[in-house]
Amino acid sequence: MSLLERTISWLEEKNPNQDEFLQSAKEVCEYIVPIVNANEDYKAHNVLQRILTHDQILEFTVTWENDKGYPEVNRAWRVQHSNALGPYKGGTRFHPQLNISTLKFLAFEQSFKNALTQLTLGSGKGGSDFNPKGRSENEIRRFCNAYMQAIYKHIGPNTDVPAGDINVGDKELGYMFGEYLRLAKSYDGALSGKPIALGGSCLRAQATGFGVIYFVQEMLKSQDKQIDGHSVLISGAGNVALHAALKALQLGAKVLSLSNSRGVLIAEEGLTQQHLDWLLEEGKKETNSLESLAKKDGLLYKKNESPWSLKADIGIPCATQNEINGDTAKKIVKNLSFGVVEGANMPCTQEASDTLLKSKLHYAPGKAANAGGVIVSGFEMQQNAMMRYETEAELDKKLQQKMSDIHQACEDESRAQGNDKANYVQGANIVGFRRLADAIVAQGY
Ligand code: GLU
């Protein structure tokens, strides 16, 4: 059996029924096993199995009081994947379907993403099966407080620095940081993505979405093109999707869609600044902000449909994992002219990803294209450690530079692997892997 075959069967044996984790780990193995085979140090230090395994998983119960005075119980986890490159670092997701397989895949992907940033960031991911939809403000605050009571002993600016993710933004992180201050009595950067009033960084909320568009700009630039005048399909309607739409619009692109779990919003003439401002502010109060906007401003909202049957130049999936399957990817190949750039983590199934890679389209994975969020989290950690603030303009410039560096590194690695057209998936996996692997070898065993 080859090293790749041995590794895949070892992964399957050790992670039964964890489909999402296996999907992301197998994809990475395809690209990194040849690198391991060619490096005696990596083989001697069993780098492969060490990178494919988390350091530890904390599993805890969050008991909190609802508005009726009744104690509710939720499950929660923190996957601390690797601290070889810095403190464990990654977001916190609240979602009723969250499970350990999803968190393990997210923490694993985070390892490569964070390595690509060249910052001092290890990797992790956490969250709970708590569903904030339909909950009152007080319930969300009490849940966040109880979540922090369970986790605060395991985090810290040099240990593990959680941030936000789906359904966790600066408001929730503010509640968590308040509880951290009461319990740990240490004003430090143990969380990132905090409200600016609590030591958060300018631009953190916009960073993932803006970073995706900066990455798109770099991809276009390397084909002697500019984003101005291109049409863009975006799925999702959360923080990443809305800020990607905003930056695309600012740079002269036409944003034709957004979507949520119930349907797609279509703006044939392109979304305007007013539409996006409304979604970022007022929309938060609505149960279906996209449908409300469509009704209010005469746009189209199609129930139970996605953006992927529309025609455009660029597709930016920003919803959630595995939203695009093989059949949808085939439609995308017909409907788009330039490429697909992932704003979400692993929005494509393996079949979809293979289809896009074989097609004429340019295709960039989330671990490279959506690194902007964790990059500004890294800047927030630096600002907290130095007890200072940087301006939005300074941070934006640094974010653009980092996204450009990641793009360049992926493109260079892809070229070194013999590709004519850039294979950003291969480039991102190998560049991230080498940085992690070198740190693991250097720390010995
Ligand atoms: N959840 C974000 C991600 O998927 C950000 C993580 C962070 O800022 O630590 O990269």
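What's counted below: heavy atoms across the whole structure, side chains too, no hydrogens, waters or symmetry copies. We count ligands from 1, going down the list as the structure has it; atoms in each ligand are counted the same way.
- For ligand 1, the atoms sitting less than 4.0 Å from at least one non-hydrogen atom of K113 are 3 (C), 4 (O), 10 (O), numbered in the order shown with element in parentheses.
- Taking the six-membered ring for Trp and the full ring otherwise, Y180 and Y152 have centroids separated by 6.0 Å or more.
- Aromatic pair F433/Y42: ring centres closer than 6.0 Å.
- Taking 4.0 Å as the cut-off, G90 counts as a neighbour of ligand 1 on heavy-atom distance.
- Residue-level proximity to ligand 1 for T208 is absent, since no heavy atom of it falls below 4.0 angstrom.
- You'll find the ring centres of Y147 and F94 inside the 6.0 Å limit.
- Counting the atoms of ligand 1 from 1 in the order shown, those under 4.0 Å from a heavy atom of D165 are 1 (N), 2 (C), 4 (O).
- In this structure, the protein non-hydrogen atom closest to atom 9 (O) of ligand 1 is K89 NZ, 2.7 Å.
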Take R204 and K194 through the side chain to side chain contact (heavy atoms under 4.5 Å, CB included) test and state the conclusion after the steps.
CA-CA 9 Å; R204 176 62 190 85; K194 303 181 289 295; over 6 Å; no

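- Of the candidates G366, A371, G91, G91 brings a heavy atom nearest to atom 6 (C) of ligand 1.
- For H362 and Y424, the gap between ring centers reaches or exceeds 6.0 Å.
- Close approach of ligand 1 to R204 is summarised as follows: ligand atoms under 4.0 Å from at least one heavy atom of the residue are 5 (C), 7 (C), 8 (O).
- Between G211 and L399 the shortest heavy-atom distance is N-CD2, 4.3 Å.
- Cation-pi geometry between K398 and F379 is met: under 6.0 angstrom from the ring centre, within 45 degrees of the axis.
- Close approach of ligand 1 to S377 (heavy-atom distance below 4.0 Å) involves ligand atoms 7 (C), 8 (O), 9 (O).
- Note on ligand 1: Q110 sits in its first shell, one or more heavy atoms being nearer than 4.0 Å.
- Look at P162 and you'll find every heavy atom at least 4.0 Å from all atoms of ligand 1.
- Ligand 1 places these atoms under 4.0 Å from at least one heavy atom of N345: 4 (O).
- The distance from ligand 1 to the heavy atoms of A163 drops below 4.0 Å at these ligand atoms: 7 (C), 8 (O), 9 (O).
- Checking side-chain atoms of N419 against main-chain N and O of S414 turns up a donor-acceptor pair under 3.5 Å.
- Annotation for L249 and V255: closest pair N-CG2, 4.4 Å, computed over non-hydrogen atoms.
- Close approach to K125 involves these atoms of ligand 1, each under 4.0 Å from a residue heavy atom: 1 (N), 3 (C), 4 (O).
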